[in-house]
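Just so you know, ligand 1 is whichever comes first in the structure, and atom 1 is the first atom listed for that ligand. Throughout, numbering of the chain's residues begins at 1 and tracks the sequence.
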Amino acid sequence: MDAAALADLALDIAREAGRLARTRREEGVAIAATKSALADIVTEADREVEALIRARLAAERPDDGFLGEESGAERGTSDITWVVDPIDGTVNYAYGMPHYAVSIAAVSGDPTPPTWTALAGVVHNPAVDETFHAIRGGGAWLGEHRLSASSVGEAGGLVATGFGYDPKHHAEDLARVAAVMPLLRDLRRAGAASLDLAYVAAGRLDGYFERGLHPWDHAAGGLLVAEAGGLITGAPGGAPGREMTIAAGPELFERLVATIGV
Ligand code: IPD
Ligand code: CA
């Protein structure tokens, strides 16, 4: 199966998963548990939506591996692993803010960010019915519209960040924001990393940086940025991930990397 066919499957499953997430949201959402920190929540809908995605992938691609935020990892026998966040932006979702997404990526090779190769990625926001997708070598798209990362003007970049859930990192996160602020027109903290990356691909943001991301937060969005002509990196010489993720169009990227110091 080629990357375009993997993207088609991911698009179909993400839309079905999005319909379920939206229906559950309309019915009312209750927090099911807290995870890594008090602020890190999961709802029944996160679990149910991941179960739907996992079951569809198992039915249609039984040899592939799976890595999901809510139900963990399982190695496959093919070269492909599906990296899934059923609801990215769970806090927005729980509070009724229409800024959350189903994120699904197909990666080949060892399914860890430093070594995987993302082949296809979908970030779908069911609340506003927007679907971003990327195909390795085939571009980044919002529906039929091909995406291209921005070039920044004189007023500086519009850049998003996030703070993760662990309060022990908040002081260093805020110090980083203070260091970056002089480069910016303004800062956003929208609450869904996959959408932050999709927005960089779409030129709706000029850049994005955050410490603490998990593979499912950036697998699909990272491919969107790269296929839109943007750049994405992690800590020194590394892949995007827990220590740092920085994404931007080419001009701002160098300045962000130099200021954040990776
Ligand atoms: C979170 C969101 C948030 C980011 C956190 C992520 P979740 O994912 O993407 O924007 O700041 O680091 O964990 O918990 O909503 O799936
Ligand atoms: Ca999530």
Side-chain angles (χ1 to χ4, degrees), residues 13-14 17-18 20-22 24-25 29 31-54 66-73 82-105 113 121-127 132 159-170 172-174 176-177 180 187-201 204-205 207-222 224-225 232 234-235 240-247 260:
I13 296 176
L20 176 61
R22 193 175 162 158
R24 292 291 178 261
R25 178 57 253 175
V29 167
I31 292 165
T34 56
K35 301 195 286 184
S36 63
L38 214 51
D40 186 6
I41 54 170
V42 59
T43 71
E44 283 303 339
D46 294 73
R47 294 172 174 163
E48 197 185 353
V49 172
E50 181 156 318
L52 180 155
I53 296 168
R54 194 165 186 162
F66 185 86
L67 173 61
E69 177 169 16
E70 311 303 343
S71 62
W82 294 87
V83 183
V84 170
D85 192 341
I87 300 179
D88 182 39
T90 299
V91 175
N92 286 346
Y93 183 76
Y95 275 73
M97 289 176 60
H99 193 78
Y100 61 90
V102 178
S103 177
I104 301 178
V122 172
V123 176
H124 170 58
N125 179 349
F132 302 85
V159 169
T161 191
F163 300 104
Y165 298 116
D166 188 345
K168 80 169 184 279
H169 292 291
H170 288 165
E172 66 174 274
D173 290 344
L174 289 167
R176 199 175 295 114
V177 167
V180 168
L187 183 77
R188 296 287 180 270
R189 196 294 185 250
S194 63
L195 285 171
D196 290 332
L197 290 164
Y199 280 23
V200 172
R204 292 178 180 180
L205 290 168
Y208 163 73
F209 64 94
E210 182 166 354
R211 184 206 50 74
L213 294 192
H214 296 282
W216 44 81
D217 294 318
H218 62 81
L224 276 158
V225 170
I232 180 164
R242 295 310 292 267
E243 285 180 63
M244 183 48 61
T245 300
I246 302 174
I260 292 169

For the side chain of Tyr93 and the backbone of Ala21, is there at least one donor-acceptor N/O pair under 3.5 Å apart? yes
Any donor-acceptor pair under 3.5 Å linking the side chain of His218 with the backbone of Ala193? no
N/O to N/O under 3.5 Å, ligand 1 against protein:
unit_1: ligand 1; atom_1: 8 (O); unit_2: Asp88; atom_2: OD1; d: 3.0
unit_1: ligand 1; atom_1: 9 (O); unit_2: Asp88; atom_2: OD1; d: 2.6
unit_1: ligand 1; atom_1: 9 (O); unit_2: Ala193; atom_2: N; d: 2.8
unit_1: ligand 1; atom_1: 10 (O); unit_2: Arg189; atom_2: NH1; d: 3.0
unit_1: ligand 1; atom_1: 10 (O); unit_2: Gly191; atom_2: O; d: 3.2
unit_1: ligand 1; atom_1: 10 (O); unit_2: Ala192; atom_2: N; d: 3.1
unit_1: ligand 1; atom_1: 10 (O); unit_2: Ala193; atom_2: N; d: 3.4
unit_1: ligand 1; atom_1: 11 (O); unit_2: Arg189; atom_2: NH1; d: 3.4
unit_1: ligand 1; atom_1: 11 (O); unit_2: Arg189; atom_2: NH2; d: 2.8
unit_1: ligand 1; atom_1: 11 (O); unit_2: Glu210; atom_2: OE1; d: 3.4
unit_1: ligand 1; atom_1: 11 (O); unit_2: Glu210; atom_2: OE2; d: 2.5
unit_1: ligand 1; atom_1: 12 (O); unit_2: Glu210; atom_2: OE2; d: 2.9
unit_1: ligand 1; atom_1: 14 (O); unit_2: Tyr165; atom_2: OH; d: 2.8
unit_1: ligand 1; atom_1: 15 (O); unit_2: Gly89; atom_2: N; d: 2.7
unit_1: ligand 1; atom_1: 15 (O); unit_2: Thr90; atom_2: N; d: 2.8
unit_1: ligand 1; atom_1: 16 (O); unit_2: Glu69; atom_2: OE1; d: 3.1
unit_1: ligand 1; atom_1: 16 (O); unit_2: Asp85; atom_2: OD2; d: 3.1
unit_1: ligand 1; atom_1: 16 (O); unit_2: Ile87; atom_2: O; d: 3.3
unit_1: ligand 1; atom_1: 16 (O); unit_2: Asp88; atom_2: OD1; d: 3.4

Quiz question: by atom type and distance under 3.5 Å, do the side chains of Asp88 and Ser103 form a donor-acceptor pair? no
Could you tell me which residues satisfy salt bridge (Lys or Arg N to Asp or Glu O under 4.0 Å) with Arg24, sequence neighbours excluded, listed by chain and number? Glu27, Glu48
Among Asp196, Ile104, Asp85, Leu195, which one satisfies side-chain contact (heavy atoms from CB on, under 4.5 Å) with Val123? Leu195
Please give the atom name: the N, O or S atom of Glu69 nearest to the Ca ion (ligand 2). OE1
Using a cut-off of strictly less than 3.0 Å, determine whether Gly89 has an N/O/S atom near the Ca ion (ligand 2). no
Kindly report the OD2-the Ca ion (ligand 2)-O angle for Asp85 and Ile87 respectively, rounded to 10°. 90°
Is Glu44 paired with Arg47 through a side-chain N to carboxylate O contact shorter than 4.0 Å? yes
Are His99 and Tyr199, when compared by the centres of their aromatic rings, separated by less than 6.0 Å? yes
